[in-house]
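Note that ligands are numbered from 1 as they come in the structure, with each ligand's atoms numbered from 1 the same way.
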Amino acid sequence: MRRETSAVHTGVDKDAHYRSVTTPIYPSSTFRFEEVGRIPEYDYTRSGNPTRAALEENLAALEGGSWARATATGMAAVTAVPLMLEQGAHIIAGHDIYGGTYRLFDSLLPRFGVSFSFVDMRNLDQVRAAIRPETQLIWIETPSNPLLNIVDIAAVAELAREAGLLTAADNTFLSPYFQRPLELGVDIVVHSTTKYLNGHSDVVGGAVITGREDLAERLGFVVNTAGLAGSPFDAWLVLRGVKTLGPRMEAHERNAAAVAAFLRQHPKVARVYYPGFADHPDHELARRQQSGFGGMVSLDLDTDRIEPTDFFGRLRYFALAESLGGVESLAEQPWTMSHASMPERARREAGISEGTVRLSVGIEHPDDLLEDLGQALG
Ligand SMILES: *Cc1c(COP(=O)(O)O)cnc(C)c1O
């Protein structure tokens, strides 16, 4: 089955009784035992639920894994990974990862003895140099947020394997439609399904996916024990959204390419970050490991010529909002919004400034989007 077909069909068929074409929602918190001692397939919804299982099957298939858990949020999926490690773990991560993940890694988990090194993940020597005896995992996020730097997934995964380390990749930005880290040697994939997988900005959710049975067991224990799983209603919404992943991603990509090209020639734009440009430093790598460039475009406004607040204030179709991956276009200022939880020094090091704008390009008609950006730039 090809991805578009799998997105429509896998896991969906859960109604033996009425043979409904879509998956029923089973909100039941608990399920009857037929008799004492005979544990049914589902006994309690924190541990397992038929609607959620439908989504899990679908997502595992899309990523090329064999096991998935749908979590309450993307951060719940991210959290499941370090919780699976042994005591005293050290983790290596990129310095330009999602702000919420950075906060978890930098501010919360160190309280419990988990330590982190943040490196430039594009520099393999830096990654190698950060490995310590207690290192257990390398955390990959690519393209990075918000500047869309690309990490060589296969190279990092190989380096990790040689050093006996696990790898996890946050695949939220491209979705399995454009990138499949498990096929490149990564052990675990996490998602914020809030973004492209659901695609309609009406649910927060996450997923953790693997093709390794031993890791599935450890992650499954964490998700059940810590209570990280998502609700059946949310699972149903994401399953409905994911069916159109293919056509949506194609439209996002087409529009993002048009937006990037438009911004690049605009005199009030100092710089555009888009891996689809042939002269983007990671363009060849992106072509190799991705099957598309995605729907995200970031830019630096020329703040001598335009005030960021004026630009944001004039946008009409691009809503000033955090998040990404929905059918509607969004614009945000990482400095004060998505990356505000990063210390100022860390933001500067990652290349984020007050003039940086992150666009999540939606699936509207591209001419309307270009007109909107044009009038907002003035
Ligand atoms: C949004 C996001 C998350 C967190 O997901 P939530 O659903 O908001 O908890 C993690 N990683 C990336 C790359 C994201 O964009």
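- Contact record, Ile209 with Ala60: CG2-CA, 4.1 Å, taken as the closest heavy-atom pair.
- Side-chain N or O atoms of Thr51 include none that pairs as donor or acceptor with a backbone N or O of Trp236 at under 3.5 Å.
- Aromatic ring centroids of Phe178 and Phe293 lie 6.0 Å or more apart.
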>> Assess the residue pair Ser47 and Asn224 against the criterion (side chain to side chain donor-acceptor pair (under 3.5 Å)); give the C-alpha distance rounded to whole Å, side-chain angles, the decisive distance to 0.1 Å, and a yes or no.
In response: CA-CA 5 Å; Ser47 316; Asn224 184 34; 3.0 Å; yes
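- Relative ring orientation between Trp139 and Phe105 is described as perpendicular, the plane-to-plane angle rising above 60° on a 0-90° scale split at 30° and 60°.
- Here the options are His191, Arg180, Gln179, the test is side chain to side chain donor-acceptor pair (under 3.5 Å), and the partner is Glu63; only His191 passes.
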Every pair of nitrogen or oxygen atoms between ligand 1 and the protein that is under 3.5 angstrom apart - can you list them with their distances to 0.1 Å?
| unit_1 | atom_1 | unit_2 | atom_2 | d |
| --- | --- | --- | --- | --- |
| ligand 1 | 5 (O) | Ser192 | OG | 3.0 |
| ligand 1 | 7 (O) | Gly74 | N | 2.9 |
| ligand 1 | 7 (O) | Ser192 | OG | 2.9 |
| ligand 1 | 7 (O) | Thr194 | OG1 | 2.7 |
| ligand 1 | 9 (O) | Gly74 | N | 3.0 |
| ligand 1 | 9 (O) | Met75 | N | 2.8 |
| ligand 1 | 11 (N) | Asp170 | OD2 | 2.6 |
| ligand 1 | 15 (O) | Lys195 | NZ | 2.7 |

